[in-house]
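Report on the structure given below.
We're numbering straight along the sequence, starting at 1. Every heavy atom of this structure was used, including side-chain atoms; hydrogens, water molecules and symmetry mates were not.
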Amino acid sequence: MGKDLNKPSQRTLNKKDIAFSEQEERVEKAEDTDGKKSGDTSPESESSGRKVIYNADLQLKVNNYTEVQGKLEKKAISYGGYIVQSQTSTFEDEQLSETMVFRIPQRNFQSFLHDAEGTAEEITHRNVSGQDVTEEFVDLESRLRSKKAVEARLLSFMDEAEKTEDLLKISADLAAVQEEIEQLAGRKNFLQNQTDYSTVTVSLETNILVPKVDQASDLNTWQKVKKQLAVNINVLLALVSGIIVLIAGNLPILILTGMVLSTIWIFLRRKKG
């Protein structure tokens with residue numbers, strides 16, 4: 001019989017076809033590496049500039065850090081930033097320090113630092129650091145392009161495959177590639193966010209203020225008297241409780257000691273008589 005020309009040809013995917021995607025990925029990565037070594041810069045990299053993660057740590061002494069806190073929060077919002085953490089430390093109802101963590105757009109990073117330092121009576125600590133992640137960011141973009149090319153190739157193989165074993169093999173390879181794409185994209189998005197927004201940690205410190213004598217409500221004399229009385233009562237109760245526990249716990253020894261001493265006393269008294 002003659003060959004049926006209308007019948008579609010069946011293609012069996014061998015290991016070479018499936019491994020072609022991995023070879024393609026290596027070739028594209030090599031091309032990207034050669035391009036970077038030769039100084040080739042794409043318009044996208046030129047427009048984006050360097051990718052630097054900025055962090056700042058400030059410790060400021062202020063007179064009224066409640067007021068300063070409000071000013072800093074308003075400044076952060078006006079610059080397009082936001083506060084991610086605020087922690088207040090107190091001692092005997094007197095506020096001593098507060099730590100705030102801000103995320104500020106990188107273009108307003110220096111302006112926010114200047115405004116924060118302007119609210120302080122004294123700057124006790126200042127540390128500004130930057131981490132250049134441009135190389136990692138470019139590498140992630142290159143690897144993402146390669147992985148997406150592999151994904152597209154595997155999808156085309158899946159459309160052409162007709163055998164179940166080929167479909168299973170391609171599905172497993174495709175799932176692994178897509179997982180790598182998600183990881184690379186997640187890392188890239190993280191670096192993008194870290195470079196778009198700088199982290200500024202501001203610690204505010206204030207001196208403990210002595211309450212004014214003419215403000216009777218601040219003295220709380222009666223409350224202090226009751227507190228001291230309660231402390232003394234607790235001390236007396238603890239002393240009495242300790243004595244009772246001492247006597248009750250050592251009662252057998254005390255009885256035995258008393259009997260021995262009584263016997264000796266009676267014996268000495270009779271002997272003397």
Side-chain angles (χ1 to χ4, degrees), residues 29 32-33 36-37 39 41-91 94-145 147 179-208:
K29 290 182 68 176
D32 291 335
T33 303
K36 287 189 290 184
K37 289 181 178 179
T41 56
S42 63
E44 180 181 357
S45 62
E46 290 179 355
S47 61
S48 60
R50 307 296 298 179
K51 297 289 184 181
V52 182
I53 300 175
Y54 288 106
N55 294 280
D57 185 11
L58 298 177
Q59 293 182 5
L60 312 176
K61 279 190 175 182
V62 297
N63 290 332
N64 187 347
Y65 77 86
T66 302
E67 179 181 354
V68 173
Q69 175 190 4
K71 289 182 179 180
L72 292 180
E73 290 179 354
K74 291 180 180 178
K75 278 292 182 182
I77 295 174
S78 66
Y79 285 139
Y82 54 93
I83 184 171
V84 295
Q85 182 180 353
S86 178
Q87 181 179 357
T88 304
S89 300
T90 60
F91 177 73
E94 294 286 343
Q95 292 182 343
L96 295 178
S97 64
E98 180 164 351
T99 302
M100 296 177 291
V101 180
F102 296 94
R103 297 279 290 159
I104 305 297
Q106 191 177 109
R107 62 181 180 276
N108 297 320
F109 175 65
Q110 294 294 340
S111 299
F112 183 79
L113 288 183
H114 178 74
D115 293 337
E117 293 171 353
T119 62
E121 296 296 325
E122 179 184 354
I123 301 173
T124 58
H125 176 76
R126 185 182 192 272
N127 181 39
V128 179
S129 62
Q131 179 185 0
D132 192 339
V133 294
T134 307
E135 184 176 354
E136 182 182 0
F137 192 86
V138 173
D139 181 66
L140 287 172
E141 288 182 331
S142 175
R143 293 170 63 187
L144 268 174
R145 288 195 300 268
K147 292 298 180 181
E179 183 179 356
E180 292 181 15
I181 290 176
E182 290 179 359
Q183 293 175 354
L184 294 173
R187 178 62 180 174
K188 179 186 174 183
N189 293 335
F190 172 77
L191 292 180
Q192 185 68 55
N193 178 265
Q194 291 295 307
T195 54
D196 288 344
Y197 286 82
S198 303
T199 302
V200 180
T201 303
V202 181
S203 299
L204 303 178
E205 300 175 356
T206 185
N207 296 326
I208 302 177

Q: Please name the pair of heavy atoms, one in V128 and one in A56, separated by the smallest distance, quoted to 0.1 Å.
A: CG2-CB, 4.1 Å

(Q) What's the separation between atom CD in E141 and atom CG in L191, rounded to the nearest 0.5 Å? (A) 10.5 Å

Q: Please check if atom NE2 in H114 has more than 12 non-hydrogen atoms from other residues, nucleotides or ligands closer than 6.0 Å.
A: no

Q: Go through the structure and list residues passing ring-ring contact (aromatic ring centres under 6.0 Å, His included) with F137, not counting sequence neighbours.
A: none

**Q.** Check ion pair E136-K51 (N to O, under 4.0 angstrom)
**A.** no

(Q) For the CD atom of E179 and the CG atom of L184, what is their distance to the nearest 0.5 Å? (A) 10.5 Å

Q. Under 3.5 Å, is there a donor-acceptor pair between the side chain of T99 and the main chain of S203?
A. no

Q) About how many Å separate NZ of K188 and CG of L140, when rounded to the nearest 0.5 Å? A) 8.0 Å

Q.
Just so I know, are the side chains of K61 and T206 near enough to count as touching, which here means a heavy-atom distance under 4.5 Å?
A. no

Q) Is the backbone of E135 close enough, under 3.5 Å, to the side chain of D139 for a donor and an acceptor to pair up by distance? A) no

Q. Taking atom CG of N127 and atom CD of Q59, what is their separation to the nearest 0.5 Å?
A. 10.0 Å

Q | Closest approach of T124 to L60 (non-hydrogen atoms, all atoms of both residues) | A | OG1-N, 4.3 Å

Q.
Quick check: closest heavy atoms across L58 and A116, and the distance to 0.1 Å?
A. CD1-CB, 4.0 Å

Q. Would you say Q131 and Q194 make side-chain contact, with heavy atoms under 4.5 Å?
A. no

Q: Might you point out which heavy atoms bring I104 and A76 nearest each other, and give the distance in Å?
A: CD1-CB, 3.8 Å

Q. Taking C-beta and beyond as the side chain, do L113 and Q110 meet within less than 4.5 Å on heavy atoms?
A. yes

Q) Does the side-chain hydrogen bond (donor to acceptor under 3.5 Å, both in side chains) test come out yes or no for R103 and T199, once each step is laid out? A) CA-CA 5 Å; R103 297 279 290 159; T199 302; 2.8 Å; yes

Q | Minimal non-hydrogen separation, L144 against I181, with atom names | A | CD2-O, 3.7 Å

Q.
Measuring from atom CG of N64 to atom CD of Q69, what distance do you get when rounded to the nearest 0.5 angstrom?
A. 10.0 Å

Q | Backbone of V52 reached by a side-chain donor or acceptor of Q106 within 3.5 Å | A | yes

Q) Looking at G130 and Y54, what are the two nearest heavy atoms and their distance? A) CA-CD2, 4.0 Å

**Q.** Heavy-atom side-chain contact between I53 and N55 under 4.5 Å
**A.** yes

Q. Nearest 0.5 Å, what's the CG-NE2 distance between D57 and H125?
A. 4.5 Å

Q.
Over 60° means perpendicular and under 30° means parallel, so tell me whether Y79 and F112 are parallel, tilted or perpendicular.
A. perpendicular

Q | Under the salt bridge (charged side-chain N to carboxylate O under 4.0 Å, His left out) test, residues paired with E67 that sit two or more places apart | A | K71

